[in-house]
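Accompanying notes for the structure given below.
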Number of protein chains: 2
Amino acid sequence: MQPLQPEPSSPESPDGPREPAPKQRVQDEIRRDIIFGTLPPGTRVTEAALAAKYGISRVPVREALRTLEAEGFVESKPYAGSTVSKIPVDDADDLFFVREALEAATARRAAKRAAAQFAAGAPSAEWWKARRVLAAVLDDGDRVIAQDRLDLLPELNIRFHLGVADLSGSASLTALLRQISGKIEWLYATDVNTRGKQSWREHRSIMAAIDAGNAAEAEALMASHVHQSREGYLDRFSAATE
Amino acid sequence: MQPLQPEPSSPESPDGPREPAPKQRVQDEIRRDIIFGTLPPGTRVTEAALAAKYGISRVPVREALRTLEAEGFVESKPYAGSTVSKIPVDDADDLFFVREALEAATARRAAKRAAAQFAAGAPSAEWWKARRVLAAVLDDGDRVIAQDRLDLLPELNIRFHLGVADLSGSASLTALLRQISGKIEWLYATDVNTRGKQSWREHRSIMAAIDAGNAAEAEALMASHVHQSREGYLDRFSAATE
DNA sequence: GTACAAGTGATTGTATTCAATCTCACATCG
DNA sequence: CGATGTGAGATTGAATACAATCACTTGTAC
């Protein structure tokens, strides 16, 4: 029914359904609600309420909140509760700046690793898995665009960029990108990113450069991709404030 | 006895001792142990052992582990436990690259904010507090160097850079820097950073540029500072491998 | 009427307990 | 001899119960 499956990897895991742990599920759900506007900044989130909402106890909720706090999406004060952080709109300039550096490094490393994997014979199972996820995301994006469901693009966008990070094999960069990437989408909040369609097409060329193991081109394409995304945001933002 | 106090803010808080929550303390302790080599990469960390070591129950330990996992210092698999992540030595190049962008943005923003705070009359209490912490860190560093306790510099180094991030007022950048900064020091592991003394002196000029509200100079000085740190690392690393 | 203080309710922090899952050694079979 | 299945032990995941702290209300004194 939904053009976007929450778990696209389900049919190909041979050992069992292996549904994600409740904590992980709740954590992703809350983060998603924050990024896409269901939980507006400043909202007070109490552990009991979240626990009741998701039908679990407070302990896993607390752990999810600690992770989200480390990622910067909620703020907690001892004994005083947690609130959704304010959208870092003042940091937009810096966030895009850092993102450009981060994503460029990620793309370069992904291309290098792809070349290395093929040079060493057959790529590892881990690598293929990440590559397949990326292929599915790209296809989902095309389908979503064909159906004119642009509202679904932001989430796919995050998944593409995180997918590239996975392909880079660098846990450090992936962890950092997860936060930056989420925050950038957060900036757009409920708004629809008008550059969405065009932006999505660029993903294919980035993917091609990575697959070709062309590190320099992958880095340059990604840097340009992010840079244009930044310009688009700043244009809309300054237009809205004047 | 120790030239470096764990909590230098204690004597000046008027409302009470307010010692940090056990969870926070344990979390910082574990992270510190990881960064400075007491807990080597690959070490298996069980919740029960940590709980016993710090005299608390497993729940706060679990929350600390979730935070450290989000920060990339430990890796956890469901029902299979947590291990200390491997030192991201392969990512060194990318980490320094990203750090340079991140720290430059932070320094620039800190200088801008300092200028804004003074322009608007008196700086906020929050700003003064961050500034005082930074002053104490700088003095501690000088003292440590005078006593030739270079082994204490890495921790002060982290605290200086995090202090600048605090001064920038950007929660997003601070959260990112906390991870990068820790990982960079982690690269040096138990090794002593030979550039330590010289590097520390540069902190004073960065601080001066921030206080003066000179955003361009603060950014340039910080970029150069980080860049040289990177060169120093790569030199030592390549020298060690050849 | 206002300021201050104590009390009360709500919320988070922690401990304890039980259930679910994984790891690893050992035995069995080809 | 090697591969595979099974079981016990260990470890994490989650639920419940209780303690500590905070925020807000309410009452009282001035």
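Lettering follows sequence order; numbering is per chain, from 1.
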Pair Arg131(B) + Asp211(B): basic N to acidic O under 4.0 Å | yes

Could Glu69(A) and Arg66(A) be called an ion pair, given the rule that one side-chain N must be under 4.0 Å from one carboxylate O?
-> yes

Please round to the nearest 0.5 Å and tell me the distance separating atom CG of Leu162(A) and atom CG of Leu173(A).
-> 12.0 Å

Any non-hydrogen side-chain atom of [X] less than 4.5 Å from a side-chain atom of [Y]?
{"X": "Glu47(A)", "Y": "Leu50(A)", "value": "no"}
{"X": "Trp200(B)", "Y": "Leu156(B)", "value": "yes"}
{"X": "Leu153(A)", "Y": "Asn157(A)", "value": "no"}
{"X": "Leu167(A)", "Y": "Met207(A)", "value": "yes"}

For DNA chain C, which residues in residues 49-64 of chain A have a heavy atom at a distance below 4.0 Å?
-> Arg58(A), Arg62(A)

Tell me whether the NZ or CZ atom of [X] lies within the 45° cone about the ring axis of [Y] and under 6.0 Å from its centre.
{"X": "Lys183(B)", "Y": "Phe73(B)", "answer": "yes"}
{"X": "Arg108(A)", "Y": "Phe97(B)", "answer": "yes"}
{"X": "Arg31(A)", "Y": "Phe36(A)", "answer": "no"}

Taking five pairs at each end, how big is the angle between the two axes of the helix from dG1(C)-dC30(D) to dG30(C)-dC1(D), to 10°?
-> 10°

Can you tell me the distance, in whole Å, between the [atom1] atom of [X] and the [atom2] atom of [N]?
{"X": "Glu47(B)", "N": "dT16(C)", "atom1": "CD", "atom2": "C1'", "answer": "14 Å"}
{"X": "Tyr79(B)", "N": "dT21(C)", "atom1": "OH", "atom2": "P", "answer": "5 Å"}
{"X": "Lys77(A)", "N": "dT12(C)", "atom1": "NZ", "atom2": "P", "answer": "13 Å"}

Where do N or O atoms of nucleotides 5-8 of chain D meet protein N or O atoms at under 3.5 Å, pair by pair?
none

